[in-house]
Amino acid sequence: MAKTDVINEIKKLSSLERKQKIIDKTPFCHLKITNARILDTIEGREICKHCCRSRKFFCYSCYLPVIGEQYFPKIKLPIKIDIIKHAREIDGKSTAIHAAILAPEDVRIFTYPNFPDILDREETVLIFPSQTGVSVDSLFIKEVKKDNKIITNRIQNAFPIKRAIFIDSTWHQTKAIYKDQRLRDLHCVILKSRISQFWRHQKKSPRWYLATIEAIHQFLVELHTCAFGIIQGYANTKDSEENCINNAMLRHTNDLDERYKGQYDDLLYFFKYMYEKIHIMYDHEKLWAYKRPLI
């Protein structure tokens with residue numbers, strides 16, 4: 001690499017780091033997440049009715065809440081989500097449980113080698129950064145052969161798939177699951193780059209390695225936006241005071257408007273709450289998870 005190229009790369013990285021420092025000050029400001037202050041009123045721990053273990057908010061072993069439904073929002077997802085968790089992934093540190101608690105009708109968790117039944121592979125995708133992976137937008141492009149000609153059509157105002165599968169594990173554990181033949185025949189989908197706010201540190205991993213709940217949220221936002229568009233004023237990738245004001249105004253948007261306006265942001269309800277608790281106890285700049293490279 002030429003000296004000028006090296007200098008340009010350093011300048012580019014410095015610019016990214018400056019922008020990320022601004023975003024890190026209020027990383028959820030641009031999202032429509034229900035205020036979780038009510039969780040602070042819960043004192044002590046509860047016993048899980050299924051496994052009889054002491055838990056706070058939810059049982060991460062049984063994937064069940066141990067508090068009343070009035071303490072957290074419920075979300076309806078446009079497709080089904082299956083999460084395959086590595087057996088050695090520590091239950092208490094996984095964010096996959098957040099999705100199962102907040103969207104129980106649409107999310108299932110399996111511990112590998114247990115697997116979901118994949119009945120229709122054409123309507124099921126695997127979210128994984130494979131070299132042969134495609135973008136979410138490409139799912140909406142369908143080729144049809146007519147009169148010996150290939151016609152390209154774009155799916156409009158509908159979702160092209162019915163199910164998405166996520167792998168919940170560290171990056172090194174993921175490879176073992178990904179090599180399973182039951183997944184190899186699925187179309188792989190790659191998400192747009194997004195910087196993680198997860199406080200759990202993984203060695204030798206950049207900050208764009210998302211926590212499972214962040215990846216699910218990102219995928220659904222992309223999927224919904226490709227299908228119906230996005231309300232002007234809602235921003236998923238940048239953060240500013242102006243966006244906070246815009247999103248407050250979005251609450252008055254017509255409910256019949258199907259464009260994206262934060263419908264799945266509450267998937268980050270527990271994630272945001274725990275992030276804020278962590279940052280009360282620890283300085284953001286001193287946490288190793290946020291010292292990981294951005295690219």
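- A 6.0 Å sphere centred on CD of Gln131 holds no more than 12 heavy atoms belonging to other residues, nucleotides or ligands.
- Separation of atoms CZ (Phe219) and CD1 (Ile216) is listed at 10.0 Å; rounding is to 0.5 Å.
- A donor-acceptor contact shorter than 3.5 Å is absent between the side chain of Lys76 and the backbone of Glu105.
- A continuous path of ILVMFWY side-chain contacts below 4.5 Å connects Met274 to Met281, so both sit in one hydrophobic cluster.
- Across every non-hydrogen atom of Pro73 and Leu102, the tightest pair is O-CD2, 3.3 Å.
- Residue pairs meeting the salt bridge (charged side-chain N to carboxylate O under 4.0 Å, His left out) criterion with at least one partner in residues 126-144, sequence neighbours excluded, are Asp137-Arg154.
- Nearest heavy-atom pair across Ala99 and Leu267 is CA-CD2, 4.5 Å.
- Side-chain contact of Ser196 with Arg207: a donor-acceptor pair under 3.5 Å is absent, judged by distance alone.
- Taking a cutoff of 4.0 Å between a charged side-chain nitrogen and a carboxylate oxygen, Asp265 and Lys32 do not qualify as a salt bridge.
- Between the side chain of Asp106 and the backbone N or O of Leu77, at least one donor-acceptor pair lies under 3.5 Å.
- Among residues at least two apart or in separate chains, there is no ring-ring contact (aromatic ring centres under 6.0 Å, His included) pair with a member in residues 69-94.
- Summarising the geometry, atom CD1 belonging to Ile97 is positioned 7.0 Å from atom OH belonging to Tyr63; distances are rounded to the nearest 0.5 Å.
- Between the side chain of Ser138 and the main chain of Val134, no donor-acceptor pair closer than 3.5 Å is present.
- When the ring pair (Phe, Tyr, Trp, His ring centres under 6.0 Å) test is applied to Tyr264, the partners found at least two apart in sequence or on another chain are His224, Tyr260.
- Taken to the nearest 0.5 Å, the CG atom of Leu183 stands 5.5 Å off from the CG atom of Leu126.
- Remark: of the listed residues Leu186, Ile177, Ile83, Val125, Leu186 is the sole one forming a side-chain contact (heavy atoms from CB on, under 4.5 Å) with Ile165.
- Not a single side chain to side chain donor-acceptor pair (under 3.5 Å) links Arg184 to another residue, sequence neighbours left out.
- Counting only residues at least two apart or on different chains, the salt bridge (charged side-chain N to carboxylate O under 4.0 Å, His left out) pairs with a member in residues 285-295 are Lys21-Glu285.
- Ring centroids of Phe115 and Phe110 are separated by 6.0 Å or more, keeping the two rings apart.
- In this structure Arg37 satisfies the side chain to side chain donor-acceptor pair (under 3.5 Å) test with no other residue, sequence neighbours excluded.
- Taking each heavy atom of Ile109 and Ala100 in turn, the nearest pair found is CD1-CB, 3.9 Å.
- For the residue pair Gln218 and Glu214, no side-chain donor N or O sits within less than 3.5 Å of a side-chain acceptor on the partner.
- Among residues two or more places apart in sequence or in another chain, the side chain to side chain donor-acceptor pair (under 3.5 Å) test is passed with Arg88 by none.
- Formation of a donor-acceptor pair under 3.5 Å by the Thr225 side chain with backbone atoms of Glu222 is not found in this model.
- The salt bridge (charged side-chain N to carboxylate O under 4.0 Å, His left out) contacts involving residues 55-71 comprise Glu69-Lys74, where partners must be two or more places apart or lie in separate chains.
- Take Tyr209 and apply the side chain to side chain donor-acceptor pair (under 3.5 Å) test, not counting sequence neighbours, and it matches no residue.
- Under the rule for a ring pair (Phe, Tyr, Trp, His ring centres under 6.0 Å), the partners of Tyr275 that lie at least two apart in sequence or sit in another chain are Phe28, His279.
- In plain terms, the two heavy atoms of Thr111 and Ala87 that are nearest each other are CG2-CA, 3.8 Å.
- Although no hydrogens or angles enter the test, the distance criterion places a donor-acceptor pair under 3.5 Å between the side chain of Arg45 and the main chain of Ser54.
- Taking the side-chain contact (heavy atoms from CB on, under 4.5 Å) definition, one finds that Asn157 meets it with Phe228, sequence neighbours left out.
- In terms of modelled atom types and a separation under 3.5 Å, the side chain of Gln181 and the main chain of Lys179 share no donor-acceptor contact.
- Put simply, the side chain of Thr95 gets close to the backbone of Ile213: a donor and an acceptor are under 3.5 Å apart.
- The list of salt bridge (charged side-chain N to carboxylate O under 4.0 Å, His left out) pairs with a residue in residues 159-172, not counting sequence neighbours, reads Asp82-Arg163, Glu123-Lys162.
- In this structure, Asp117 contributes its side chain and Leu119 its backbone to no donor-acceptor pair below 3.5 Å.
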